[in-house]
Asks: 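Just dropping this structure here.
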Amino acid sequence: MPTILGPTLTTDRLILRPPVYADFEAWVAFAADPEVNRFLGGVQDRAAAWRGMATITGAWPLMGFSMFSVIERTSGRWVGRLGPWQPEGWPSTEIGWGLAREAWGKGYALEGSSAAIDWAFAELGWKEVIHCIDPQNVPSQNLAKRLGSTLRGPIQLPPPMDTWPIEVWGQTKEQWGIHRRNSVLTTGE
Ligand SMILES: CC(C)(COP(=O)(O)OP(=O)(O)OC[C@H]1O[C@@H](n2cnc3c(N)ncnc32)[C@H](O)[C@@H]1OP(=O)(O)O)[C@@H](O)C(=O)NCCC(=O)NCCS
C-alpha cells in the first residue's frame, strides 16, 4: 500500500490529501490540457507529468507540506491539485492552484484553497500566503481577489521560470483572519 505523506482535509464538497499513484491517469489528462496549462508552462506528456507529480509528492516528506490532490466528494474523482508550495528560490510561502477544466466554475478552487490556507497558517507557522500569477491569468487573479489577497507587484521566479511575466499577490495571516469564509470541517492524519 502506498504511504499517505500528510494530512487529509475535508471541506463541504472536497477532500484534500497528498497525491497517491492512483491519481496518475487523471494527472496526465490535466497535464495534457492546453487551456489548463496556458499559464503553467504549457502541456506536458506522460513522462513530464510523472516528473511533475513526483516533484509535488516528494516535497511532502522533504518539506512537511506540498500541494494536495483535490478529490470531489460526490464522485471520488481527482479534479486537481492545490495548496502550499515553496520550492528552492521561491519568493515566499505560496498557496497555488490548478483544477481540471470540468471542475472550474463551481467554487472548488476557492473552497479548497481556503482550507489549504487555514491549514498552512495553523500547522506550518506561516506568516503570509502569496500567489504567483501571470498578469493575463484573469481567472487566477479573480480567485486571489475572492480570497482577499491583493496585488503586490511584479516578481521574478527562479529558473527555469525566470523569464515568465509574474505578479505576486498575497495577504498576511492577520488579513486572512478577516477574509476567511470557508471552513475546514475535519482534519485527519
Ligand atoms: C485558476 C482556477 C483554479 C480558478 O478556478 P475557478 O473555478 O474559476 O475558481 P473558483 O473556485 O473561485 O470558482 C469561481 C467560479 O465558480 C462559480 N461558482 C459556482 N458555484 C460556486 C460556489 N458554490 N462558491 C463559489 N463560487 C461558485 C463562481 O460564480 C465563479 O464563476 P465565474 O468565474 O463564472 O464568475 C482555474 O481557472 C484553473 O485551474 N486554471 C488553470 C490553472 C492555472 O492557471 N492555475 C493558476 C496558476 S497561477
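What you see is a predicted model; the values in this text were computed from it and never measured. In this chain, residues are counted from 1 in sequence order. Just follow the structure's listing: the first ligand is 1, and inside any ligand the first atom is 1.
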Asks: For atom 22 (C) of ligand 1, which protein heavy atom lies nearest, and how many Å away is it?
Replies: K106 O, 3.4 Å

Asks: Would you mind checking which non-hydrogen protein atom is closest to atom 7 (O) of ligand 1, with the distance to 0.1 Å?
Replies: G105 N, 2.8 Å

Asks: Would you mind telling me if ligand 1 is within reach of the side chain of E35, the backbone, both or neither, using heavy atoms under 4.0 Å?
Replies: neither

Asks: Using heavy-atom distances, let me know which of A109, A100, G80 sits nearest atom 3 (C) of ligand 1.
Replies: A109

Asks: Using side-chain heavy atoms (C-beta onward) and a distance below 4.5 Å, is Q156 in contact with I166?
Replies: no

Asks: Quiz question for you: does at least one protein heavy atom lie closer than 4.0 Å to atom 29 (O) of ligand 1?
Replies: no

Asks: Name the closest protein heavy atom to atom 42 (C) of ligand 1, giving the residue it belongs to and the distance to 0.1 Å.
Replies: V36 O, 3.3 Å

Asks: Which of these, L62, T57, V20, sits in a side-chain contact (heavy atoms from CB on, under 4.5 Å) with L5?
Replies: T57

Asks: Classify the contact between N137 and ligand 1 as side chain, backbone, both or neither, using a heavy-atom distance cut-off of under 4.0 Å.
Replies: side chain

Asks: How many angstroms lie between atom OG of S113 and atom CG of L82, to the nearest 0.5 angstrom?
Replies: 4.5 Å

Asks: Without swapping roles, check the side chain of R73 against the backbone of T11 for a donor-acceptor pair under 3.5 Å.
Replies: yes

Asks: Can you label the angle between the W119 ring and the F68 ring as parallel, tilted or perpendicular, going by 30° and 60°?
Replies: perpendicular

Asks: Heavy-atom contacts under 4.0 Å between D134 and ligand 1: side chain, backbone, both, or neither?
Replies: neither

Asks: Is any side-chain heavy atom of I56 closer than 4.5 Å to one of M53?
Replies: no

Asks: List every atom of ligand 1 that sits less than 4.0 Å from any heavy atom of L143, numbering the atoms from 1 in the order shown and giving each element.
Replies: 12 (O)

Asks: Would you check whether L99 has a nitrogen or oxygen atom less than 3.5 angstrom from a nitrogen or oxygen atom of ligand 1?
Replies: yes

Asks: With heavy-atom distances below 4.5 Å as the criterion, would you say the side chains of P84 and I95 are in contact?
Replies: yes

Asks: So between F39, W104, Y108, whose heavy atom ends up nearest atom 38 (C) of ligand 1?
Replies: W104

Asks: Which pair of non-hydrogen atoms, one from R152 and one from I130, has the smallest distance, and what is that distance?
Replies: NH1-CG2, 3.6 Å

Asks: State the atoms of ligand 1, each with its element, that fall below the 4.0 Å cut-off from a heavy-atom position in C132.
Replies: 48 (S)

Asks: Take the angle between the ring planes of W78 and F30 and call it parallel below 30°, perpendicular above 60°, tilted in between.
Replies: perpendicular

Asks: Are I133 and F39 close enough that some pair of their side-chain heavy atoms sits under 4.5 Å apart?
Replies: no

Asks: Against heavy atoms of P139, which atoms of ligand 1 measure under 4.0 Å?
Replies: 37 (O)

Asks: Check R13 against ligand 1 and report side chain, backbone, both or neither, counting heavy atoms closer than 4.0 Å.
Replies: side chain

Asks: Nearest protein heavy-atom contact for atom 25 (C) of ligand 1: which residue, which atom, what distance?
Replies: G107 CA, 3.4 Å

Asks: Check each heavy atom of L110 against ligand 1 and say whether those closer than 4.0 Å belong to the side chain, the backbone, both or neither.
Replies: both

Asks: Quick one: look up the protein heavy atom nearest atom 14 (C) of ligand 1 and list residue, atom name and how far away it is.
Replies: R146 NH2, 3.2 Å

Asks: Hey, is atom 34 (O) of ligand 1 under 4.0 Å from any protein heavy atom?
Replies: no

Asks: Name the closest protein heavy atom to atom 45 (N) of ligand 1, giving the residue it belongs to and the distance to 0.1 Å.
Replies: W97 O, 2.9 Å

Asks: Can you tell if the side chain of Q86 reaches within under 4.5 Å of the side chain of F65, non-hydrogen atoms only?
Replies: yes

Asks: Angle between ring planes, F24 versus Y21, binned at 30° and 60°: parallel, tilted or perpendicular?
Replies: parallel

